[in-house]
Amino acid sequence: MTIELKLLVWSTALALAQMLIALVAAMAQIGPVSLVGNRENLPAFEGWAGRAQRAHRNMLESLTVFAVLVLVAQLAGKSNSTTAFGAQLFFWSRLAYAPVYVIGIPWLRTALWGVSFAGLLQILSQVL
């Protein structure tokens, strides 16, 4: 398995971990009873619970693009050192991004997002 595919799997594991963190945060804020219902009229999540939820959603948006780029690079035989480096940039910056977002460090969060975006662009540059 190539490094890009391995990092795609690890990125998916990171998204699952973020899902669980967001769930724990939501349960801490509004309780499990509200979450097992139909979830209509839930209050907005605040503080770290809201940030955990937003970080998870952002990961899902980015993971979709990352997955498409990695899979196209693999299928087109375009996997190389540039796509490998782009995948590493994406994964490691997203790994750092998650706790930085939940803790609430805005400028660092944005910088890490930018690094992950640069990783996506590197992979894209090889499949165009």
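Starting from 1, each residue takes its place in the sequence as its number. Scope of the values below: all heavy atoms of this structure, side chains included, with no hydrogens, waters or symmetry mates. All figures in this text were calculated on a predicted structure; none of them were measured in a lab.
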Got Leu124 and Leu120 here, is their nearest side-chain heavy-atom distance under 4.5 Å? no
Can you tell which of Leu71, Leu8, Thr12 makes a side-chain contact (heavy atoms from CB on, under 4.5 Å) with Phe66? Leu8
Please determine whether residues Leu75 and Ile3 belong to a single hydrophobic cluster, defined as Ile, Leu, Val, Met, Phe, Trp and Tyr linked transitively by side-chain heavy-atom distances below 4.5 Å. no
Hey, does Asn58 have a side-chain heavy atom less than 4.5 Å from the side chain of Arg94? yes
Where do Ile123 and Ala73 come nearest, in terms of heavy atoms and distance? CG2-CB, 4.5 Å
Using atom types as modelled and distance alone, determine if a side-chain donor or acceptor of Gln88 lies under 3.5 Å from a backbone N or O of Ala84. yes
Nearest 0.5 Å, what's the CZ-OG1 distance between Phe117 and Thr110? 13.5 Å
Rest of the hydrophobic cluster containing Phe85 (Ile/Leu/Val/Met/Phe/Trp/Tyr, side-chain heavy atoms under 4.5 Å)? Leu89, Val115
All heavy atoms of Ala44 vs all of Gln29, minimum pair found to be O-OE1, 3.7 Å
Please name the pair of heavy atoms, one in Val102 and one in Ala52, separated by the smallest distance, quoted to 0.1 Å. CG2-CA, 3.8 Å
For residues Leu35 and Met27, determine if any side-chain heavy atom of one lies less than 4.5 Å from a side-chain heavy atom of the other. yes
Cluster check Val68, Leu5: I/L/V/M/F/W/Y, side chain < 4.5 angstrom: yes
Of all heavy-atom pairs linking Ser116 and Phe90, the shortest is O-CD1, 3.8 Å
Nearest 0.5 Å please: distance from the CD atom of Gln122 over to the CG atom of Asn80. 9.5 Å
Applying the side chain to side chain donor-acceptor pair (under 3.5 Å) criterion to Thr83, which one of Gln126, Lys78, Glu4 satisfies it? Glu4
Contacts of Arg57 that satisfy side chain to side chain donor-acceptor pair (under 3.5 Å) - sequence neighbours left out: none
Do Trp10 and Leu95 sit in the same hydrophobic cluster, where Ile, Leu, Val, Met, Phe, Trp and Tyr count as joined when their side-chain heavy atoms come under 4.5 Å apart? yes
Does CZ belonging to Phe45 count more than 12 external heavy atoms closer than 6.0 Å? yes
For Trp113 and Ser62, which heavy atoms make the closest approach, and how far apart are they? NE1-OG, 4.3 Å
Linked hydrophobic residues, Leu20 as query - side chain contacts closer than 4.5 Å: none
same_hphob_cluster(Leu60, Leu16) at 4.5 Å side-chain heavy-atom cutoff: no
Would you compute the distance between atom OH of Tyr97 and atom CD of Gln18 and round it to the nearest 0.5 angstrom? 8.5 Å
NE2-CG distance between His56 and Leu14, expressed to the nearest 0.5 angstrom: 9.0 Å
Give a yes/no verdict on a cation-pi contact between Arg51 and Tyr101, requiring under 6.0 Å between NZ or CZ and the six-membered ring centre and an angle within 45° of the axis. no
Any donor and acceptor pair, going by atom type alone, linking the side chain of Arg54 with main-chain N or O of Gly50 inside 3.5 Å? yes
Heavy-atom nearest pair, Met59 first then Ala15, reads CG-CB, 4.0 Å
Counting only heavy atoms from other residues, nucleotides and ligands, does the tally under 6.0 Å from CH2 of Trp48 exceed 12? yes
Applying the 4.5 Å side-chain criterion to the ILVMFWY set and letting contacts propagate, would Leu63 and Leu121 be lumped into a single cluster? yes
